[in-house]
There are 2 protein chains.
Amino acid sequence: MVTGYLLRAGYRVDRAADGHEALARAAATRPDLVVLDLMLPGLDGLEVCRRLRAAEGGERLPVVMLTAKGEEADRILGLELGADDYVTKPFSPRELVLRVQSVLRRSAAAGAAAGRPGRLTAGDLTLDPAARRAFRAGRELALTLREFDLLAFLLRHPGAAFGREELMQRVWGWEFGDLSTVTVHVRRLREKVEDDPAAPALITTVWGVGYRFDPAGKGPAL
Amino acid sequence: MVTGYLLRAGYRVDRAADGHEALARAAATRPDLVVLDLMLPGLDGLEVCRRLRAAEGGERLPVVMLTAKGEEADRILGLELGADDYVTKPFSPRELVLRVQSVLRRSAAAGAAAGRPGRLTAGDLTLDPAARRAFRAGRELALTLREFDLLAFLLRHPGAAFGREELMQRVWGWEFGDLSTVTVHVRRLREKVEDDPAAPALITTVWGVGYRFDPAGKGPAL
DNA sequence: GGCGGCCCGTACGACTTCCGTAAGGTGGCG
DNA sequence: CGCCACCTTACGGAAGTCGTACGGGCCGCC
């Protein structure tokens, strides 16, 4: 139900059935915000919140809690643990979405104030330009300098196609040069990023033109 | 037992046998955090917590409470008095250490937000810039001036990669200079900080770029 | 003032990793 | 069916890093 509300509000949403799955998915997908029910099978919401916070970078992860009305103690506890906001059941779709929006706005403002350029992300792919690290589905990819730069450039322009010449200029910074260099690097990159390098799903070849990064969704953008 | 857990986790630990001694030692040693059992001979834990908070600078002193399971009232009371977290007995070593870590991290973040330089920490590594002392797993590291500055700078930007050039500027304060100087100092620093200098786990080299301090987390940061 | 120790910057060779180029194979497009 | 674009592989060299060694400067100590 919650997933539906948020999807309709235009957010990308992932969900987990219990506490352990939640922690695993959070580590893998690096969400911008977590909506957390206090009543969970397995680990309870408070414990999940605590561990999210304990995880690396977790101090900054916004958490919105869902609590049943009257769980006064839990509510206090939740806020003590650093939930950024909470919504008491029963709640309206509109209320939930509003809270999420406002928390996201606050956290975006805080991030911008801290001067963080932020991460590049598309589907289960994440690049951290500052750290020069790349992740796919929670696993770190061992990319070389050129591979990283190339992928970062493509991620910055999702869906756009670039010719080898242009890539040579904008990634390598060269005016001239053997264009096959680009070809080879694309191949090496695919080898590390794609599930099946023989049938590239992320870095697509555009015949007669060059390459394009496909942000998972093939259909027309929303 | 608790002392042992924390020592093994790399913290320096002091302890007291009862409430009065606790207050005395806290006043004398100015700890970064207090782990407080509710069941104490003499003054009980709640009273100790109250007085710690009342003492000079005590509003900022993080307190983690140890409570027996089911003492619901005490738990709420403890949180009202401003315990920053609590652990219910019986607890695992790992749980206790995690709570302590997360509370320390939060308090460090709060301190930084308040403009206090405070003390730099990552995993079992701790730097005290004011005292110019460095500790790892409870042991003091004998760092030289440059080594300390270099490590401090990296710790201030955990996870971020820096080129030799930038380090030269921001740590040495030079505009030009032999970049191999940086290389050599990184090596010397590793010799003292890393468990196995041949396979650096803390100060990672990023090929073609420079170096990065890795805050223990190998996985993707949240 | 002389001596020794510590720290620092520089230099050099060995080694590793990465990159660019070339050459031959493959597949789509006209 | 042929051409051209793209893919694949291999290899030599360039660039980057590491380990080590050396000499100079600063300071404390005798």
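Only a predicted model underlies this, so the values are computations on that prediction, with no experimental measurement involved.
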To the nearest angstrom, how far is B:L189 atom CG from D:dC18 atom C1'? 15 Å
Looking only at C:dT21, C:dG20, D:dT17, the nucleotide nearest the A:H185 side chain is C:dG20
Do the side chains of B:D128 and B:R133 get close enough for a salt bridge, i.e. N-O under 4.0 angstrom? no
Checking D:dC18, C:dC8, D:dT8 against the side chain of B:L145 (C-beta onward), the nearest is C:dC8
Identify which nucleotide among C:dG20, C:dT10, C:dC7 has an atom closest to any side-chain atom of B:D178, counting heavy atoms from C-beta outward. C:dT10
Could you check how far CZ of B:F148 sits from P of C:dC6, rounded to whole Å? 21 Å
Does OP1 or OP2 of C:dC8 have a side-chain N or O of B:W172 closer than 4.0 Å? no
With a 3.5 Å cut-off and heavy atoms only, can you find an N or O donor on one side and an acceptor on the other between the side chain of B:R188 and the base of C:dG9? yes
Rounded to the Å, how far apart are A:I203 CD1 and D:dC6 C1'? 15 Å
Using the closest heavy atom to pick a nucleotide of DNA chain C for each, name whichever of A:L143 or B:G177 lands nearer the 5' end. B:G177
Rounded to the nearest angstrom, tell me the gap between atom CD in B:E191 and atom P in D:dG19. 8 Å
Touch class at under 4.0 angstrom, heavy-atom based, for A:V186 against every strand present: nothing
Answer with yes or no whether the side chains of B:R188 and B:T183 bring together a donor and an acceptor at under 3.5 Å. no
Using whole Å, what does the distance between atom C1' of nucleotide D:dG19 and atom CD of B:E194 come to? 16 Å
D:dG19 phosphate, OP1 or OP2, under 4.0 Å from B:R190 side-chain N/O: no
A:R146 has an atom CZ; how far is it from atom C1' of D:dA15, in whole Å? 11 Å
Against the side chain of B:R187, the closest entry in C:dG20, D:dT20, D:dC18 is D:dT20
Tell me if the centroids of the rings in B:F153 and B:F213 come within less than 6.0 Å of each other. no
Could you tell me whether B:V209 contacts a base, only the sugar-phosphate backbone, or nothing, with contacts defined as non-hydrogen atoms closer than 4.0 Å? sugar-phosphate
Can you tell me how far P of C:dG20 sits from CZ of A:R164, to the nearest Å? 15 Å
Measure the distance from CG on B:L179 to C1' on C:dT10 and round it to the nearest whole Å. 12 Å
Any idea which of C:dT10, D:dC18, C:dA22 is nearest the B:T205 side chain? D:dC18
Please check the phosphate of D:dG16 (OP1 and OP2 only) for any side-chain N or O of B:Y211 closer than 4.0 Å. no
With the side chain defined as heavy atoms from C-beta on, B:S180 is closest, among C:dG9, C:dG20, C:dA11, to C:dA11
Nucleotide nearest B:W207 when distance is taken to its side chain, options C:dG9, C:dC18, D:dT8: C:dC18
Sugar-phosphate, base or nothing in reach of A:G208, heavy atoms under 4.0 Å: sugar-phosphate
Would you indicate what A:T144 reaches in the nucleic acid, counting non-hydrogen atoms under 4.0 angstrom: base, sugar-phosphate, or nothing? sugar-phosphate
Using a strict cut-off of less than 4.0 Å between a Lys/Arg side-chain nitrogen and an Asp/Glu carboxylate oxygen, indicate whether B:D149 and B:R132 qualify as a salt bridge. yes
Determine whether a donor-acceptor pair (N or O, by modelled atom type, separation under 3.5 Å) exists between the side chain of A:T121 and the backbone of A:L125. yes
Counting only side-chain heavy atoms from C-beta out, which of C:dC8, C:dA22, D:dC6 sits nearest to A:V184? C:dA22
Out of C:dG9, C:dT21, D:dC18, whichever nucleotide has its closest atom nearest the side chain of B:T181: C:dG9
May I ask you to say whether A:D195 pairs ionically with A:R136, meaning some side-chain N is under 4.0 Å from a carboxylate O? yes
